[in-house]
Amino acid sequence: MGIALGNDEDEDEFGEAHEINVTPFIDVILVLLIIFMVAAPLSTVDLPIDLPSSTATPQKKPDKPTYVTIKADLAVAIGEEPVKRVDLVRTLDAQADSTQAGPSQAGLSQAGPSKERRIFLRADRAVPYGEMMDVLEVLRAGGYLKVALVALEGVPASEGPRPAAGAKP
């Protein structure tokens with residue numbers, strides 16, 4: 001009775017596998033895709049306002065923009081949080097102080113690093129011009145000089161019917 005320690009026929013049974021099993025990789029990618037598809041709509045500001053449209057070329061947005069919204073009922077909000085107009089600058093300052101973790105940077109103006117960030121102002125189409133200017137004035141008086149107005153992208157309006165090439169004016 002002998003024991004066979006090596007079987008010549010099954011030598012490469014435990015050898016290197018030259019194939020990569022991509023099924024687990026695809027499963028992970030699909031799960032990540034679903035997570036991002038669910039999380040992306042949650043990261044936007046979702047206050048229902050009727051924005052006017054603009055034909056200007058859109059500018060690049062920062063990673064974490066700060067939105068100040070004026071709703072149709074003239075209520076003001078920062079992001080989705082309602083704020084009184086008198087507390088607008090104080091709340092923006094508190095947000096900037098809580099997000100700033102590093103030491104202050106040299107070379108910034110006297111207004112400070114929190115005042116240098118761009119504020120995006122969204123106003124409903126029904127908001128009177130004077131009310132929007134009041135909020136802009138509150139922001140300016142508080143030291144926030146970089147304010148961008150937000151509008152929907154629109155198509156340029158035509159300037160009326162153009163005459164045919166051979167027609168007389």
Side-chain angles (χ1 to χ4, degrees), residues 20 22-160:
I20 297 174
V22 294
T23 305
F25 177 69
I26 292 173
D27 291 344
V28 170
I29 295 299
L30 288 174
V31 167
L32 287 174
L33 177 67
I34 291 170
I35 289 171
F36 282 113
M37 287 174 58
V38 170
L42 299 177
S43 66
T44 61
V45 177
D46 195 26
L47 288 177
I49 61 170
D50 184 20
L51 288 174
S53 61
S54 171
T55 58
T57 55
Q59 300 295 318
K60 185 182 176 206
K61 253 188 349 180
D63 292 336
K64 296 193 179 227
T66 302
Y67 288 104
V68 174
T69 305
I70 308 171
K71 296 192 278 185
D73 62 354
L74 304 181
V76 177
I78 298 175
E80 293 184 17
E81 177 183 329
V83 175
K84 294 181 182 178
R85 287 188 192 199
V86 295
D87 297 333
L88 181 62
V89 173
R90 191 173 328 134
T91 307
L92 285 171
D93 289 342
Q95 278 186 350
D97 292 341
S98 67
T99 57
Q100 246 180 357
S104 63
Q105 302 164 342
L108 292 174
S109 70
Q110 291 179 339
S114 66
K115 308 279 185 177
E116 291 294 317
R117 66 185 169 149
R118 185 170 304 279
I119 304 295
F120 291 90
L121 181 62
R122 302 172 50 200
D124 194 278
R125 185 185 305 262
V127 172
Y129 182 71
E131 296 294 331
M132 188 176 73
M133 288 305 297
D134 288 344
V135 172
L136 281 170
E137 183 61 24
V138 167
L139 290 171
R140 189 201 58 78
Y144 291 96
L145 303 177
K146 293 184 176 183
V147 180
L149 301 178
V150 178
L152 296 175
E153 293 179 33
V155 294
S158 63
E159 299 176 19

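Every heavy atom of this structure was used, including side-chain atoms; hydrogens, water molecules and symmetry mates were not.
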Would you name the heavy atoms of [X] and [Y] that are closest together and state the gap between them?
X: Thr91; Y: Val83; answer: OG1-CG1, 3.8 Å
X: Pro128; Y: Leu74; answer: CD-CD2, 3.9 Å
X: Ile70; Y: Met132; answer: CD1-CA, 3.9 Å

4.5 Å side-chain heavy-atom contact, Glu80 and Tyr67: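 The answer is no, as the side chains (C-beta and beyond) never meet within the 4.5 Å cut-off.
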
Contact check, side chains of Arg85 and Asp134, non-hydrogen atoms, under 4.5 Å: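 In contact.
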
Listed partners of Arg118 passing side chain to side chain donor-acceptor pair (under 3.5 Å), at least two apart: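 With sequence neighbours excluded, Arg118 shows a side chain to side chain donor-acceptor pair (under 3.5 Å) to no residue whatsoever.
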
Given Val76, Val86, Val89, the one that forms side chain to side chain contact (heavy atoms under 4.5 Å, CB included) with Val138: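 Running side chain to side chain contact (heavy atoms under 4.5 Å, CB included) over Val76, Val86, Val89 with Val138 returns exactly one hit, Val89.
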
Atom pair [atom1] ([X]) and [atom2] ([Y]), whose distance is rounded to the nearest 0.5 Å:
X: Ile26; Y: Ile29; atom1: CD1; atom2: CD1; value: 9.0 Å
X: Thr66; Y: Leu92; atom1: OG1; atom2: CG; value: 7.0 Å
X: Arg117; Y: Gln95; atom1: CZ; atom2: CD; value: 6.0 Å

Cationic N near anionic O, under 4.0 Å, Asp87 to Arg90: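 Looking at Asp87 and Arg90, the cut-off is met.
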
Those residues that, when tested against Leu136, pass side chain to side chain contact (heavy atoms under 4.5 Å, CB included) (two or more places apart):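 Only Leu121, Met133, Val147 meet the side chain to side chain contact (heavy atoms under 4.5 Å, CB included) criterion with Leu136.
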
Salt bridge (charged side-chain N to carboxylate O under 4.0 Å, His left out) pairs, two or more places apart, involving residues 139-149: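 Non-adjacent pairs meeting salt bridge (charged side-chain N to carboxylate O under 4.0 Å, His left out): Glu116-Lys146, Glu137-Arg140.
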
